[in-house]
Every structure is written in structure tokens, then in C-alpha cells.
Amino acid sequence: MKGVAITGMGIISAIGNSVEENYISLTENKIGISRIQNISTVHADIIKVGEIKKTNEELIDELKLNENNNFSRTAMIGTLAAKQAVENAGITDINEFRTGLISATSVGGMDMTERHYYDYFEKPELVKYITCHDGGDVAEKIAEELGLKGMVTTISTACSSAANSIMLGARLIKTGKLDRVIVGGADALAKFTINGFKTLMILSDDYNKPFDNTRKGLNLGEAAAFLVLESDEIVEKQNKKVLARVSGYGNANDAFHQTASSENGDGAYLAMKKAFDVSGLKPSEIDYINVHGTATPNNDLSEGRALLRIYENEKVPDFSSTKPFTGHTLAAAAAIEAVYSVLAIQNNVVYPNLNFEVPMEEFDLKPQTTLKNKNIEHVLSNSFGFGGNCSTLIFSKS
């Protein structure tokens with residue numbers, strides 16, 4: 001099975017404002033984890049985050065928005081990434097074919113709501129900012145800036161949101177419903193998110209260490225990434241370059257707990273199994289696994305056990321988490337890691353799992369800790385969210 005063609009990518013994250021900048025950072029160990037600068041919070045000196053080093057004012061200037069705009073930070077970084085992807089795909093007429101946009105977010109316009117919450121009732125002129133709170137507003141803003149008149153929808157399944165966005169886009173093309181779909185996600189940092197994860201006690205006060213026995217928790221991050229998926233008919237008609245293909249996908253929900261994965265990784269196992277069924281590939285054919293790897297005690301144990309179940313008596317392929325570079329970017333995570341997976345295929349590299357020192361005591365699994373060159377034909381990428389939302393994508397060389 002060939003899978004659905006990826007013809008364009010765009011990204012902005014803590015380690016770069018373009019696909020090229022992100023790749024350089026990944027291969028030169030340039031991390032984006034730092035103290036908080038853009039948000040006023042009591043946790044600023046306690047935790048580290050993966051923050052995009054652009055102020056809202058700089059983003060407004062870059063997008064050439066009207067000074068009276070009501071774009072949330074999430075909508076702004078999402079628009080930047082989506083525009084990059086469309087340009088990268090060489091699209092000059094966004095409505096030439098049946099085109100859709102599926103945008104993922106969990107934070108939505110929360111940063112805007114926080115800024116104006118206490119003033120809404122005293123200052124009627126601020127009411128326009130209420131409407132950008134909703135997650136769907138992010139997708140509508142992106143579509144408007146792209147000039148897209150086709151299908152626009154939003155997916156919010158916590159940290160697997162963008163994976164489900166990519167999955168739905170691929171299915172819409174395979175079933176002939178659409179010819180082209182712009183898929184991905186965006187999430188900006190907000191006090192609400194920081195306070196929420198702080199309450200869950202899964203934030204690290206240091207750099208995150210996926211699959212390390214001494215891991216303390218995650219670093220939150222903000223990012224946006226979008227991919228352009230196109231049918232083979234468009235690819236052939238316009239003689240387009242295919243960056244890679246979405247060859248497999250699967251999702252499952254073990255409904256084990258509101259915020260925790262099951263100890264044996266039931267949802268993760270089922271999602272991976274379904275992705276292999278769709279792709280027609282065997283687990284042994286995967287060259288690199290971009291694990292979800294949040295560095296929380298629960299996720300890494302659950303995901304590791306799921307990997308061992310999938311591979312049974314076989315050796316688990318080279319794997320690593322890229323979250324030590326970017327932080328955990330919530331709904332955007334699967335989209336930025338999809339971009340990284342495609343780059344791994346294009347450049348035949350396995351990224352390092354930074355900060356790893358001590359293997360976990362529960363099993364004998366060690367991530368790749370240095371940049372490794374090898375032939376990459378197929379990459380498996382995992383994304384698992386709260387509420388048991390588990391999704392797996394498989395990307396393959398065209």
C-alpha cells in the first residue's frame with residue numbers, strides 16, 4: 001500500500017521557525033527548553049518550558065494583522081505553520097481542488113481569555129476577544145488567512161489530537177471525499193495549561209528525561225505544525241514532489257483513567273496494531289520509532305510495555321523521544337513529530353533521545369542517545385492523550 005502523499009510541511013517550535021531550522025536543531029542538539037519569558041506566572045522560576053521566542057507583537061507584525069485583530073497566540077503560530085506548509089507544497093490556488101483543513105488544538109484561545117477575563121464586563125470593546133477562546137476559532141482563523149473555502153473542522157483529543165487530524169485527512173483522501181487536506185495542530189502556552197499540569201504533579205523542574213529511570217516529568221512546550229496531504233491524482237497531474245507518505249494509522253481508547261495510561265499500555269498496543277494492519281507492514285520493517293516519550297513515570301512505563309508487546313520476541317527498533325528538544329506541545333505534538341518523522345526518512349537519521357542516563361528498572365529498553373545515520377524507509381510515531389486517546393501513525397518513503 002502506497003499511502004497518502006505528503007507534499008508540504010510547515011512548523012514553528014521552540015527549536016526553530018521553519019522546517020530547516022527545526023532539522024538543524026535536532027541534528028546539532030540545540031534544545032529549546034528554558035525558563036518562561038513570555039508569560040507572567042508564579043511558576044516562572046520553578047519549571048522549564050519549550051517556548052517560541054517570539055512575542056505576540058512580533059507574530060502580529062509577521063502575519064501583517066490589523067492592530068484590532070482578535071487572534072490568539074495559538075491561532076497566530078498555527079497560521080504561520082499552515083502558510084509555510086501551503087507554500088512548501090507549491091500551492092498557488094488553495095481552492096483549485098476539493099481542499100479541507102483539519103486543525104488540532106487543546107488550549108485554543110485560552111491565552112486571550114486569561115488576558116481579558118476580569119475586564120470583559122467592564123469594557124464592552126473587549127467582547128470581541130471572547131469568540132477566540134473556542135478551539136474551533138483557531139481553525140477558522142487559519143482557513144480565513146489561507147483563503148480556504150472548503151471543509152474546515154477541529155479535532156481535540158488531548159495530546160493525540162494532531163495524529164487524529166492527520167489520520168482523518170488521510171482517510172478523507174483515500175475514500176475520495178477530498179483531494180487535498182491541510183492537517184496538523186497548534187497549541188500555545190497559557191497559565192491555564194501550566195497550572196493544570198502543575199496540579200497533576202507531572203511537570204519537571206529540570207530538563208525532561210524520557211525513558212530514564214530517574215525521570216521526574218515533562219516540560220510543557222508550544223508549537224504548530226501542518227502537513228499538506230494530496231491525492232495521487234493531484235500528484236500525477238501537477239508532477240509534484242512527494243516528501244513521504246502516510247502509510248499506516250490507528251487509534252484506540254482504553255478509557256483506563258482521566259489522565260493516566262494503563263500500566264500494560266493497552267490503548268497504545270491497540271493503536272500500533274491497527275496502524276500495522278492498515279499499512280500492511282510488519283513491526284520488523286520499522287526502522288525508527290518516534291515515541292511519545294513524555295518523561296512522566298506513567299507514560300514511559302506504559303509505552304515501553306506496549307512496544308515490548310508489539311515486538312514480542314523481536315528486537316525493538318531504534319527509538320527516541322524528541323520532547324527533550326521541544327517540550328511536550330500537547331495537541332501539536334503529533335504534527336511536529338510527523339514533520340520530524342518525514343525529515344528522518346528524507347535524511348536517513350535517527351534523532352538522539354537527550355538527557356538519558358539510567359535505564360528503567362522495569363524492562364531492558366534503551367533509547368538511541370546520539371544522532372545515528374541509517375537507511376530509513378518506515379517511521380512509526382506514537383501520540384497518546386488524556387482520557388486514553390492513543391494514536392499511531394506510520395510514515396514511509398515515497
Side-chain angles (χ1 to χ4, degrees), residues 13-16 22-33 50 204 207-215 218-219 221 244 265 268 272 275-276 281-296 299-329 333-334 336-384 392-397:
S13 77
I15 60 171
N22 273 263
Y23 180 69
I24 290 169
S25 294
L26 288 168
T27 55
E28 295 182 2
N29 289 4
K30 295 179 179 178
I31 67 168
I33 308 298
S204 176
Y207 298 107
N208 69 84
K209 306 170 72 169
F211 285 86
D212 189 286
N213 201 53
T214 63
R215 66 198 183 282
L218 58 84
N219 302 126
M272 286 188 278
F276 281 118
L281 294 169
K282 300 172 186 172
S284 59
E285 294 179 86
I286 296 297
D287 302 297
Y288 167 50
I289 300 175
N290 185 287
V291 291
H292 188 52
T294 60
T296 59
N299 175 86
D300 295 4
L301 178 61
S302 177
E303 185 173 11
R305 284 178 171 160
L307 286 171
L308 290 170
R309 287 172 66 184
I310 282 288
Y311 280 90
E312 298 182 295
N313 299 320
E314 298 178 50
K315 184 180 184 296
V316 176
D318 292 327
F319 72 92
S320 66
S321 169
T322 48
K323 288 180 174 68
F325 287 93
T326 63
H328 187 0
T329 58
I336 69 168
E337 288 158 21
V339 171
Y340 297 165
S341 296
V342 173
L343 287 170
I345 289 169
Q346 290 180 318
N347 297 283
N348 291 310
V349 295
V350 173
Y351 309 115
N353 189 112
L354 302 179
N355 309 326
F356 178 84
E357 294 173 329
V358 184
M360 289 172 59
E361 59 187 23
E362 291 89 352
F363 43 60
D364 184 25
L365 278 180
K366 297 174 186 174
Q368 179 64 30
T369 57
T370 58
L371 186 71
K372 180 177 180 178
N373 295 103
K374 67 180 289 192
N375 183 49
I376 308 282
E377 296 281 339
H378 307 286
V379 175
L380 182 145
S381 183
N382 281 331
S383 294
F384 310 136
T392 295
L393 299 167
I394 298 176
F395 301 95
S396 298
K397 190 168 284 187

Quick check for you: to the nearest 0.5 Å, what is the distance between [X] atom [atom1] and [Y] atom [atom2]?
X: Glu337; Y: Phe395; atom1: CD; atom2: CZ; result: 10.0 Å
X: His328; Y: Ser321; atom1: NE2; atom2: OG; result: 9.0 Å
X: Ser383; Y: Asn290; atom1: OG; atom2: CG; result: 8.0 Å
X: Leu301; Y: Leu365; atom1: CG; atom2: CG; result: 10.5 Å
X: Lys397; Y: Asn375; atom1: NZ; atom2: CG; result: 4.5 Å
X: Leu308; Y: Glu303; atom1: CG; atom2: CD; result: 11.0 Å

I would like to know whether Ser13 and Asn22 meet side-chain contact (heavy atoms from CB on, under 4.5 Å); could you show each step before the answer?
CA-CA 8 Å; Ser13 77; Asn22 273 263; 2.6 Å; yes
Lys366, NZ: over 12 other non-hydrogen atoms inside 6.0 angstrom
no
Assess whether ring-ring contact (aromatic ring centres under 6.0 Å, His included) is satisfied between Phe319 and Phe211, documenting all intermediate values.
CA-CA 10 Å; Phe319 72 92; Phe211 285 86; 5.2 Å; yes
Where [X] and [Y] come nearest, the two heavy atoms and their spacing:
X: Pro352; Y: Asn29; answer: CG-OD1, 3.5 Å
X: Asn382; Y: Leu307; answer: ND2-CD2, 4.5 Å
X: Ser302; Y: Gly265; answer: OG-CA, 3.2 Å
X: Ala344; Y: Val379; answer: CB-CG2, 4.4 Å
X: Ile376; Y: Asn348; answer: N-OD1, 2.9 Å
X: Ser381; Y: Ser341; answer: CB-OG, 3.8 Å

Using side-chain heavy atoms (C-beta onward) and a distance below 4.5 Å, is Pro210 in contact with Asp300?
yes
Counting C-beta onward and ignoring hydrogens, is there a side-chain heavy-atom pair between Phe276 and Leu380 closer than 4.5 Å?
yes
Thr294/Lys323 under side-chain contact (heavy atoms from CB on, under 4.5 Å): CA gap, chis, key distance, verdict:
CA-CA 7 Å; Thr294 60; Lys323 288 180 174 68; 4.2 Å; yes
Residue pairs passing the ring pair (Phe, Tyr, Trp, His ring centres under 6.0 Å) test where at least one lies in residues 357-378, sequence neighbours excluded:
none
Under the 3.5 angstrom rule, does the side chain of Lys374 hit a backbone N or O of Asp287 as a donor-acceptor pair?
yes
Given 3.5 Å as the limit, does a donor-acceptor pair link the side chain of Arg215 with the main chain of Thr296, or not?
yes
Stepwise, does the side-chain contact (heavy atoms from CB on, under 4.5 Å) test hold for Arg309 with Met272?
CA-CA 10 Å; Arg309 287 172 66 184; Met272 286 188 278; over 6 Å; no
Partners meeting ring pair (Phe, Tyr, Trp, His ring centres under 6.0 Å) with Phe384 (sequence neighbours left out):
His292
Please table the atom pairs, donor to acceptor, closer than 3.5 Å between any side-chain atom in residues 354-361 and protein atoms at least two apart or in another chain.
residue : atom : partner : partner atom : Å
Asn355  : ND2  : Asn208  : O            : 2.7
Glu357  : OE1  : Lys209  : NZ           : 3.1

Checking side-chain contact (heavy atoms from CB on, under 4.5 Å) between Ser320 and each of Val291, Asn353, Ile289, which is the one that passes?
Asn353
Could you please spell out the steps behind the side-chain contact (heavy atoms from CB on, under 4.5 Å) verdict for Tyr351 and Leu343?
CA-CA 10 Å; Tyr351 309 115; Leu343 287 170; 3.3 Å; yes
